[in-house]
Every structure is written in structure tokens, then in C-alpha cells.
Amino acid sequence: MVLVLTDAELLVAWRDGKQTAGETLFERYFDAVSRFFVNKVPEDPDDLIQETFVACLRGRDRVRQDGSFRSYLFAIACNVLRSHFRRQRPTMPLPDLETASSFELAPGPSTVMHALEEERLLLESLRRIPVELQVVLELHYWENMTTADMAGVLDVPLGTVRGRLRRARMRLTDVLAQMPAEGSTRQRVTNGLDDWGTRLRRTVTARDH
């Protein structure tokens, strides 16, 4: 029987100098961090993935004993994404992720390949809502995070997360209604948004293998 250690146990071992524990954590979350970036930047996100794990390595001692390693890792990913958008616009004001979309900040089609027509429509629509709303939807559907999990990632109150999730769904529905697509395709995605959103997790993950 193979003993599977929890994130907290691996983190303790990593802090105690066991490099293999850190490697196990990175392997456990590599796909998830890849998914976080892949539909927000049109170029290959490998550099951003590496930047996230390097920052995690440097800050591993800052994770609270009662905290979630996953939340900490995604909080770093959010900061890396913000820094990336700032680097892309060095002569312009800092982007407001509450209003600006990833499509506006990093124009270009989604890098996800082999998606169904409905999935491509949803991926492109996600890129056209404000980044902060895109983040909560993708964390909810792709990482199965609760509102409490997301509050830890985003460092905001639970009520704020719930409000963003409601606004994100409404905004995404509005964007879907305006996207160029056959009416039947758009309707299938809109009517089954939860199912399509969850299904995209497999499609986006498959892109990285």
C-alpha cells in the first residue's frame, strides 16, 4: 500500500529539508497551475508557470500552519499574472483587473487546442470578461474550489467572492450572447454552462500533455 501524504505533511517535510517532498508538491499541482495560465495568455505560459513555482520555493516558510498550500500557490499565480500584464504594458497605467479582460490585456486566441466548438466558444468568452471574474469562474469550475478556498486565494471576504461569482456568471452569459456562433451552439453552452465549464477542465489539462 502506497502512503499518500497530505499537502500539509509534505510542506512540513519540505521545510525540514526533504527536497523530494517539494518535488511531490510541484508534481501534484503542475497541471492546475498550467490550467490557471493557459486561457489568460496567448503565448506559451511555461515561463509564468516556472515563475510561480520559483516564488513558491522562496516563500514556502510563509505558509501558515493552518493555511492551505493550494490556496497559497494560487495566490502566487494570481500575483505572477498581474506582474505579467504590467510587463506587457510598461508605458501604460497599471491594468485594473476588475474591469479589463485578459483578451484586452493580452490579445490573441486561446492557446487550447483540440477543443470542441462549444468549448472554444466558452474559452473565448471567458477571455472577454474581466480577469478577476474569469479567475473565480475557472477556480470554481476547474479546481473545484469553494468560496472559502477562493477567499483564501484572493485575500478577500467570503461575501466578496460570492458576489464576484454571481457577477461572473451573469457577465459570461452576456458575452456568450454577443459572440459570433451558431445560435444552437451558443444556446447549448448557455443552457449547460455548469456542465461545459467543468468539462473544459479536461480539455485544458490535455493541452499540457
Side-chain angles (χ1 to χ4, degrees), residues 7-8 10-11 14 21-64 67-89 94-106 108 110-112 123 126-158 160-161 164-165 168 197-198 200-209:
D7 290 353
L10 287 169
L11 182 60
W14 190 24
E23 292 170 358
T24 299
L25 280 170
F26 288 174
E27 290 172 3
R28 182 173 292 178
Y29 287 105
F30 182 85
D31 284 348
V33 173
S34 299
R35 282 193 297 270
F36 178 82
F37 290 112
V38 74
N39 197 42
K40 300 179 184 69
V41 294
E43 65 271 17
D44 192 314
D46 286 350
D47 288 346
L48 301 182
I49 297 167
Q50 181 178 358
E51 187 177 343
T52 299
F53 282 116
V54 168
C56 179
L57 172 62
R58 291 172 177 165
R60 62 184 175 180
D61 292 331
R62 290 197 292 270
V63 184
R64 300 193 313 270
S68 162
F69 176 80
R70 183 174 71 151
S71 294
Y72 176 72
L73 183 60
F74 274 100
I76 291 175
C78 287
N79 289 333
V80 168
L81 182 67
R82 292 188 187 97
S83 297
H84 170 74
F85 286 145
R86 292 189 187 106
R87 291 195 297 267
Q88 296 295 101
R89 300 152 57 94
L94 295 180
D96 181 358
L97 303 189
E98 293 183 4
T99 57
S101 70
S102 56
F103 181 79
E104 293 168 326
L105 296 170
S110 169
T111 57
V112 179
L123 286 168
L126 282 166
R127 280 180 45 74
R128 284 167 170 78
I129 66 175
V131 174
E132 287 195 352
L133 301 185
Q134 180 185 1
V135 167
V136 296
L137 282 180
E138 292 180 358
L139 291 179
H140 174 71
Y141 286 120
W142 297 355
E143 308 309 329
N144 298 317
M145 283 196 182
T146 65
T147 51
D149 293 333
M150 289 187 281
V153 170
L154 303 172
D155 194 25
V156 296
L158 274 174
T160 300
V161 175
R164 285 185 190 177
L165 199 52
T198 302
L200 269 177
R201 181 185 192 276
R202 295 190 294 271
T203 301
V204 173
T205 303
R207 175 261 178 203
D208 299 304
H209 294 283

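All of these numbers come straight from a predicted model, not from anything done at the bench. Heavy-atom basis, side chains included; hydrogens, waters and symmetry copies ignored.
Taking CZ from R62 and OH from Y72, the interatomic distance works out to 4.5 Å, rounded to the nearest 0.5 Å.
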Legend entry - Working for side-chain contact (heavy atoms from CB on, under 4.5 Å), residues L48 and K40: CA-CA 11 Å; L48 301 182; K40 300 179 184 69; over 6 Å; no
Inset, instruction - Would you please test H84 and D47 for side-chain contact (heavy atoms from CB on, under 4.5 Å) and show each step? - result: CA-CA 10 Å; H84 170 74; D47 288 346; over 6 Å; no
Inset, instruction - Give the intermediate values and the outcome of side-chain contact (heavy atoms from CB on, under 4.5 Å) for residues L137 and I129. - result: CA-CA 10 Å; L137 282 180; I129 66 175; 3.8 Å; yes
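When all heavy atoms of L73 and V33 are compared, the closest pair comes out as CD2-CG2, 3.7 Å. Here the closest heavy-atom approach between residue V135 and residue C78 is recorded as CG1-SG, 4.3 Å. Heavy atoms only, all atoms of each residue included: F26 and C56 are closest at CE2-SG, 4.1 Å. In terms of heavy-atom proximity, T52 sits nearest to I76 at O-CG2, 3.6 Å.
Contact check for F85 versus L97: side-chain heavy atoms found under the 4.5 Å cut-off. By the 4.5 Å heavy-atom criterion applied to side chains, R28 and L10 are counted as neighbours. A heavy-atom distance below 4.5 Å is not found between the side chains of V204 and N39. E138 has its side chain out of reach of L200: every pair of non-hydrogen atoms, C-beta onward, lies at least 4.5 Å apart. Between E143 and R70 there is a side-chain heavy-atom pair separated by less than 4.5 Å. Looking only at side-chain heavy atoms (C-beta outward), L81 and F36 come within less than 4.5 Å of each other. Residues R127 and S102 meet the side-chain proximity criterion, which asks for heavy atoms closer than 4.5 Å. In this structure the side chain of F74 never reaches within 4.5 angstrom of the side chain of D149, judged on heavy atoms.
Evaluated for a side chain to side chain contact (heavy atoms under 4.5 Å, CB included) with S71, the options D7, L154, V153 yield exactly one hit, V153.
Enclosure of atom CG in D61 by more than 12 non-hydrogen atoms of other residues, nucleotides or ligands within 6.0 angstrom is indicated.
Checking side-chain atoms of W14 against main-chain N and O of E23 turns up no donor-acceptor pair under 3.5 Å. For the pair Y29 (side chain) and F53 (backbone), a donor-acceptor distance under 3.5 Å is absent.
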